[in-house]
Amino acid sequence: GNGIGLFDSRNWSVRNSNDWYLYNSTNSSLSAYPANAIDVCDINIDSNDNKWFSLTYQSSYSVLKLSGYSFNDSNTTKHNINAIPRRSVSRGLVTYVATNDNRLFKYDGVSWTNYTLPTFTTINDIGIDTNDVVWLATDSGFASFAGTTFTELQASATNSWPDGLNSGKGQLENKHAKSVFVDGQNYKWFSYSTGLDSDYNGGVVKYNWNVIDGPGIASHISVFDRKN
């Protein structure tokens, strides 16, 4: 990667090169990193308009917080979580960062705390609802994080799912949750795929409950794919 691009235009129908500005190792706080290893994998903006950048190839000082719009050292805080970040999300003054070693880091505005997924692997995306519950899309299914507790839901945990995501070949294909979006009604939307190059049968799962627990959980899962 080369850095971070800023698009600044009020007129989407008429654009020119002046609408774009590239921050890289020569003109920003990214100068502290090797020029050939600046891969910004995620950008998150919190409620105070701070920009959070996650740097893929860095294990130290891999999370940057930019306050304001001038990407210089005086406006930038480099956070050292000693892990490689993948995705981040913020709500209020709290920011969460998911890393490539299956941990979730929580920043409360003062210090960082990290938590490790019990059994699931590969956090692909995270989102947060209005109850401050973090939702994780992983290669093993989806999970939630509330307070200090993870709850995981394997794709094979219910009778109703993954039937709608099954190709009919008698195998569980779509256990890989690739992304998550929490809408205005606190419904969680997960995109799914096989993780394989052949026989692709991806789909979308909507989860409309606030917790992953208790009987009747299957009734809160809706599946959308080529079969339905």
Side-chain angles (χ1 to χ4, degrees), residues 1 39-45 52-57 62-63 83-91 95-106 114-129 133-146 150-158 160-212 217-218 220-228:
D39 191 346
V40 182
C41 63
D42 189 56
I43 301 174
N44 164 47
I45 302 177
W52 293 81
F53 304 112
S54 299
L55 278 62
T56 300
Y57 293 137
S62 56
V63 178
I84 297 175
R86 292 177 64 88
R87 293 290 185 269
S88 67
V89 67
S90 299
R91 178 169 168 77
T95 293
Y96 294 90
V97 177
T99 59
N100 71 339
D101 57 359
N102 306 318
R103 286 188 290 171
L104 184 67
F105 284 74
K106 177 183 178 180
N114 71 85
Y115 308 86
T116 303
L117 272 168
T119 64
F120 279 10
T121 60
T122 312
I123 303 173
N124 296 311
D125 196 16
I126 57 176
I128 191 167
D129 65 22
V133 177
V134 180
W135 295 86
L136 301 90
T138 82
D139 273 3
S140 305
F142 69 81
S144 67
F145 178 79
F150 282 106
T151 306
E152 300 171 333
L153 181 66
Q154 292 279 357
S156 57
T158 72
S160 65
W161 173 50
D163 292 348
L165 288 173
N166 201 311
S167 68
K169 298 180 179 180
Q171 60 185 2
L172 176 59
E173 290 193 347
N174 292 276
K175 66 178 182 179
H176 298 275
K178 294 303 183 183
S179 62
V180 57
F181 173 75
V182 182
D183 68 20
Q185 294 180 287
N186 264 359
Y187 292 170
K188 278 64 68 176
W189 297 81
F190 297 88
S191 65
Y192 271 80
S193 76
T194 64
L196 304 174
D197 292 332
S198 60
D199 296 325
Y200 178 79
N201 185 38
V204 175
V205 167
K206 182 182 74 172
Y207 188 66
N208 64 2
W209 213 3
N210 292 325
V211 296
I212 305 176
I217 191 172
H220 298 279
I221 295 172
S222 302
V223 178
F224 308 92
D225 69 352
R226 67 182 182 184
K227 295 176 66 177
N228 56 7

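Basis for what follows: all heavy atoms, side chains included, without hydrogens, waters or symmetry-related copies.
Side-chain contact between Tyr115 and Tyr96 is absent, with no heavy atoms from C-beta onward closer than 4.5 Å. Proximity of Glu152 to Pro118: side-chain heavy atoms (C-beta onward) are separated by under 4.5 Å at one or more points. Taking the side chain as every heavy atom from C-beta outward, Ile221 and Leu153 approach each other to under 4.5 Å. The side-chain heavy atoms of Asn102 and Phe120, taken from C-beta on, include no pair separated by under 4.5 Å.
With sequence neighbours excluded, no residue forms a side-chain hydrogen bond (donor to acceptor under 3.5 Å, both in side chains) with Asp125. With sequence neighbours excluded, the residues satisfying ring pair (Phe, Tyr, Trp, His ring centres under 6.0 Å) with Phe150 are Phe145. Remark: Phe181 engages Asp183, Trp189 in a side-chain contact (heavy atoms from CB on, under 4.5 Å) (not counting sequence neighbours). Residues that satisfy the side-chain hydrogen bond (donor to acceptor under 3.5 Å, both in side chains) test with Arg86, not counting sequence neighbours, are Asn124. Listed by chain and number, the residues in a side-chain hydrogen bond (donor to acceptor under 3.5 Å, both in side chains) with Ser62 amount to none (sequence neighbours excluded). Residues passing the side-chain hydrogen bond (donor to acceptor under 3.5 Å, both in side chains) test with Ser179 are Ser191, sequence neighbours excluded.
Of all non-hydrogen atoms in Gly127 and Val182, the two that sit nearest each other are C-CG2, 4.3 Å. Nearest heavy-atom pair across Ser90 and Asn44 is OG-ND2, 2.6 Å. Scanning all heavy atoms of the two residues, the minimum distance from Val97 to Pro85 falls at CG1-CB, 3.6 Å. Shortest non-hydrogen contact noted between Ala137 and Lys178 is CB-C, 4.2 Å.
Summarising the geometry, atom OG1 belonging to Thr121 is positioned 12.0 Å from atom CG belonging to Asn100; distances are rounded to the nearest 0.5 Å. One distance of note links CG of Asp129 with CG of Asn186; it measures 4.5 Å at 0.5 Å rounding. Interatomic distance, Ser144 OG to Ile126 CD1, rounded to the nearest 0.5 Å: 13.0 Å. The distance from the CH2 atom of Trp52 to the CD1 atom of Ile43 is 14.0 Å, given to the nearest 0.5 Å. Rounded to the nearest 0.5 Å, atoms OG1 (Thr122) and CG (Asp139) are 4.5 Å apart. Atom-to-atom distance recorded for Asp101:CG and Ile123:CD1 is 8.0 Å, nearest 0.5 angstrom.
The aromatic rings of His220 and Tyr207 sit perpendicular, their planes meeting at an angle over 60°, well past the 30° parallel limit.
Distance alone, capped at 3.5 Å, places no donor-acceptor pair between the Asn114 side chain and the Leu104 backbone. A donor-acceptor pair is defined here as one N or O able to donate and one able to accept, closer than 3.5 Å; no such pair exists between the side chain of Lys188 and the backbone of Leu136.
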